[in-house]
Amino acid sequence: MTHHGPTDHVEQNRRFWDDEAAAWHGPLARDHWAQVEPSWGLWAVPESQVSLLPDGIDGMRTIELGCGTAYVSAWLARAGAHPVGIDVSEKQLATARAMQAEFGIDFPLVLGDAEKVPYEDNTFDLAISEYGASLWCDPYEWIPEAARLLVPGGHLVFSRYSPLFALCAPSEGPVSTTLSRGQFGLTRLHWGNHVQFILPHGEMLRLLRACGFVVEDLMEIQAPQHARDYAEVSADWARRWPSEEIWKARLAG
């Protein structure tokens with residue numbers, strides 16, 4: 001599957017995270033790192049409910065694509081994995097290093113683009129992204145890169161906003177009950193000073209298959225009762241429609 005999209009999003013998103021977004025997420029890092037059980041996404045769905053991580057995580061070589069403050073890699077390290085985190089934001093990685101020192105968990109942190117990872121082919125057993133590369137990188141670049149990095153039989157798991165959320169999200173303000181854009185051609189979402197990516201399900205499925213992945217599950221997440229609201233989506237909306245989803249795939253071979 002060929003795709004030739006613009007690449008200006010990489011630097012634009014780097015500036016957005018270093019200049020603005022890292023300041024919002026830094027104060028959350030300690031709570032995330034301190035969690036005993038992983039919980040995923042906006043609605044903090046516990047690992048015991050979704051089984052996002054593959055069996056036999058102990059000893060796996062893992063890479064977190066768009067790791068941010070690297071709390072997912074910290075969870076993996078506690079489970080016995082050997083993680084690497086990569087992110088474009090120096091400020092996010094600075095917070096991650098501070099958390100490593102505070103919690104006594106050490107693993108490589110790489111400043112770089114998850115669409116062009118400086119590791120050799122067939123290096124990792126698991127590639128994972130929780131609203132990292134899965135949202136902020138071009139899927140036609142980062143998913144083939146994940147396939148390159150994984151060993152045959154390796155796992156890819158990622159969470160992102162749902163296509164329905166993208167279709168109902170206006171240019172400003174929270175998601176509504178009205179379609180705001182068309183589904184055909186849905187890929188890049190421009191939010192002024194940053195860019196996000198959401199493919200419809202059919203295109204995502206074809207892309208994963210073209211890269212050699214077998215899709216094992218697609219979980220559309222429902223917000224739990226008494227969940228908090230977010231600026232972009234209310235819990236009430238996400239109890240009626242999925243605002244986020246989790247994909248689980250395995251590289252054939």
Exercise. Is the shortest side-chain N to carboxylate O distance from Asp8 to Arg188 below 4.0 Å?
Worked result: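 Arg188 and Asp8: salt-bridged.
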
Exercise. Would you call Arg206 and Glu203 a salt bridge, using N to O less than 4.0 angstrom?
Worked result: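 No, this pair does not count.
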
[X] side chain vs [Y] backbone, donor-acceptor pair below 3.5 Å:
{"X": "Gln12", "Y": "Gly192", "value": "yes"}
{"X": "Gln196", "Y": "Leu189", "value": "no"}
{"X": "Arg239", "Y": "Pro224", "value": "yes"}
{"X": "Arg160", "Y": "Glu130", "value": "no"}

For this session: Indicate yes or no: at least one non-hydrogen side-chain atom of Leu109 is less than 4.5 angstrom from one of Gln100.
Result: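 Of all side-chain heavy-atom pairs linking Gln100 with Leu109, at least one is under 4.5 Å.
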
Work out which heavy atom in [X] is nearest to a heavy atom in [Y]; give both atom names and the distance.
{"X": "Pro83", "Y": "Ala81", "answer": "CD-O, 3.3 Å"}
{"X": "Ala96", "Y": "Gly68", "answer": "CB-O, 4.1 Å"}
{"X": "Ala114", "Y": "Leu65", "answer": "CB-CB, 4.0 Å"}
{"X": "Ser180", "Y": "Ala169", "answer": "CB-O, 3.6 Å"}

Residue pairs fulfilling side chain to side chain donor-acceptor pair (under 3.5 Å) with at least one residue in [range], sequence neighbours excluded:
{"range": "residues 162-175", "answer": "none"}
{"range": "residues 79-90", "answer": "Asp18-Ser89"}
{"range": "residues 24-46", "answer": "Arg30-Glu102, Gln35-Ser39, Glu37-Ser48, Trp40-Glu47, Trp43-Ser243"}

Problem set entry | Worked check of side chain to side chain donor-acceptor pair (under 3.5 Å) between Glu64 and Ser73 | CA-CA 6 Å; Glu64 185 182 358; Ser73 289; 2.7 Å; yes

Exercise. What do you reckon, are the aromatic ring centroids of His194 and Trp136 less than 6.0 Å apart?
Worked result: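 Under 6.0 Å, so yes.
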
Exercise. Are the ring centres of Tyr161 and Tyr131 closer than 6.0 Å?
Worked result: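 Under 6.0 Å, so yes.
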
Establish whether [X] and [Y] are linked, either directly or via other cluster members, by ILVMFWY side-chain heavy-atom contacts under 4.5 Å.
{"X": "Leu186", "Y": "Leu207", "answer": "no"}
{"X": "Ile63", "Y": "Met60", "answer": "no"}
{"X": "Val88", "Y": "Trp142", "answer": "no"}
{"X": "Trp241", "Y": "Leu218", "answer": "no"}

Once you round to the nearest 0.5 Å, how far does [atom1] of [X] lie from [atom2] of [Y]?
{"X": "Glu244", "Y": "Leu164", "atom1": "CD", "atom2": "CG", "value": "13.0 Å"}
{"X": "Leu28", "Y": "Thr69", "atom1": "CG", "atom2": "OG1", "value": "8.0 Å"}
{"X": "Trp237", "Y": "Phe165", "atom1": "CH2", "atom2": "CZ", "value": "7.0 Å"}
{"X": "Ile198", "Y": "Leu135", "atom1": "CD1", "atom2": "CG", "value": "6.0 Å"}
{"X": "Ser134", "Y": "Ile128", "atom1": "OG", "atom2": "CD1", "value": "9.5 Å"}
{"X": "Glu141", "Y": "Asp113", "atom1": "CD", "atom2": "CG", "value": "8.5 Å"}

For a quick test of your reading: what N or O donor-acceptor pairs under 3.5 Å do the side chains of residues 147-156 make, sequence neighbours left out?
{"residue": "Arg148", "atom": "NE", "partner": "Glu145", "partner atom": "OE1", "Å": "3.0"}
{"residue": "Arg148", "atom": "NH1", "partner": "Tyr119", "partner atom": "O", "Å": "2.9"}
{"residue": "Arg148", "atom": "NH1", "partner": "Asp121", "partner atom": "OD1", "Å": "2.7"}
{"residue": "Arg148", "atom": "NH2", "partner": "Val117", "partner atom": "O", "Å": "3.0"}
{"residue": "Arg148", "atom": "NH2", "partner": "Tyr119", "partner atom": "O", "Å": "3.0"}
{"residue": "Arg148", "atom": "NH2", "partner": "Glu145", "partner atom": "OE2", "Å": "2.9"}

Show the atom names and distances, to 0.1 Å, of all donor-acceptor pairs under 3.5 Å that link a side chain in residues 246-253 to residues at least two apart or in another chain.
{"residue": "Trp247", "atom": "NE1", "partner": "Glu245", "partner atom": "OE2", "Å": "2.9"}
{"residue": "Lys248", "atom": "NZ", "partner": "Ser51", "partner atom": "O", "Å": "2.7"}
{"residue": "Arg250", "atom": "NE", "partner": "Glu216", "partner atom": "OE2", "Å": "2.9"}

Exercise. Taking only residues two or more places apart in sequence or in another chain, which ones pass side-chain hydrogen bond (donor to acceptor under 3.5 Å, both in side chains) with Asn193?
Worked result: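 Asn193 satisfies side-chain hydrogen bond (donor to acceptor under 3.5 Å, both in side chains) with Glu20 once adjacent residues are dropped.
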
Exercise. Just checking, is any N or O donor in the side chain of Gln183 or His201 under 3.5 Å from an acceptor N or O on the other one?
Worked result: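 Distance-only check fails for Gln183 and His201.
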
Problem set entry | Stacked cation flag Arg209 on Phe213, 6.0 angstrom / 45 deg |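 No - Arg209 does not lie over the ring of Phe213 by the 6.0 Å and 45° rule.
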
